[in-house]
Amino acid sequence: MEKYIQAFKVAFVDTFDWTLDSILFHVPWYTNYFWGLFVISLIVWGLEILFPWRKNQSIFRKDFWLDAFYMFFNFFIFSIVITGVYKALGIFFADFGITAKSLAIIDVSRFSMWIQLLVFFILLDFVQWLTHVTLHRFNILWRFHKVHHSVKEMGFAAHLRYHWMENIFYKPLKVFGVMLLGGFEPEHAYIVHFIAITIGHLNHSNIKLTYGPLKYIFNNPVMHLYHHAYTLPDENRHGVNFGISLSIWDYIFKTNYVPEDSGTIELGYSDDTKMPKGFIKQMFYGFLPKD
Ligand SMILES: [Zn+2]
Ligand SMILES: [Zn+2]
């Protein structure tokens with residue numbers, strides 16, 4: 001037990017220090033997720049202001065500040081705590097002989113850097129797509145995912161409005177995906193992470209973008225807005241357009257749905273008026289069957 005607690009403590013302190021060092025610019029710029037997230041947010045927000053899709057939407061739209069807070073909470077405050085938990089769990093599994101190497105199906109380390117990153121990006125995106133589908137499919141998970149779907153006016157910051165439990169749901173499949181690669185996170189994985197943050201921000205932004213024929217590969221604001229649609233088609237009543245960075249999975253598995261692109265559809269879900277308004281109450285939402 002002692003070693004688990006010790007591992008938790010070390011990881012907790014390390015992540016805390018790393019976050020603090022990031023804020024103070026004491027880490028290499030390309031691994032600085034704190035200011036990286038800040039700069040990407042400013043750029044996408046600027047584009048929303050310059051080229052708005054819904055012209056009458058306020059720059060400080062409904063729940064703007066709530067979402068801005070979520071962004072930093074989910075990215076930093078929560079990760080400080082959870083990294084320690086995962087570290088302790090890793091040691092627990094290693095005690096049973098289960099390590100990141102035990103499931104490896106391909107050795108990507110012999111590929112060139114860009115191929116490594118591409119494989120990492122595609123695999124991680126697919127497992128997240130799959131996780132997202134399950135969040136919609138099972139009521140016990142949907143209760144938490146409702147927080148993300150409680151967005152009524154869409155803007156870039158809504159990207160990271162999600163219940164802290166989602167971090168926990170996404171993690172096992174992400175770890176599994178990385179295990180298939182032999183526990184290998186490419187050295188330059190930060191490139192993939194920054195691309196994913198940018199695409200995620202754009203997907204939620206008030207900008208009309210579809211990337212032309214590339215819309216069949218990359219998720220985009222027009223497609224993702226329909227993921228948040230209040231009214232879903234009968235044949236896909238559990239949801240549509242589950243894509244994270246890539247849209248291709250939805251086209252392959254026939255969960256794609258973009259009937260028009262006015263950008264003015266109603267967002268939310270049938271009993272969304274029951275969602276508490278503030279962050280604290282939303283943190284505790286989802287644990288009761290009635291939620
Ligand atoms: Zn969803
Ligand atoms: Zn979304």
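The basis for the numbers below is simple: all heavy atoms, side chains too, and nothing from hydrogens, waters or symmetry mates. Each ligand, and each atom within it, is numbered from 1 in the order the structure gives.
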Quick check: of its N, O or S atoms, which one does H148 have closest to the Zn ion (ligand 2)? NE2

Test side-chain hydrogen bond (donor to acceptor under 3.5 Å, both in side chains) applied to D272 and S150, step by step: CA-CA 6 Å; D272 60 8; S150 67; over 6 Å; no

Can you name the N/O/S atom of H136 that is nearest the Zn ion (ligand 1)? NE2

If you count the non-hydrogen atoms of other residues, nucleotides and ligands that lie under 6.0 Å from OH in Y30, is the total more than 12? no

Step through it carefully: locate the ring centre of H149, locate the ring centre of W142, and say whether they are under 6.0 Å apart. yes

For the Zn ion (ligand 1), find the closest N/O/S atom belonging to H149 and write down its atom name. NE2

Of all the N, O or S atoms in H228, which one sits nearest to the Zn ion (ligand 2)? NE2

Mind checking whether F73 and W164 have ring centres under 6.0 Å apart? no

How open is the angle at the Zn ion (ligand 1) from atom NE2 of H132 over to atom NE2 of H227, rounded to 10 degrees? 80°

At less than 2.8 Å, would any N/O/S atom of H204, backbone or side chain, sit next to the Zn ion (ligand 2)? yes

Looking at F287 versus F144, is the centre-to-centre ring distance below 6.0 Å? yes

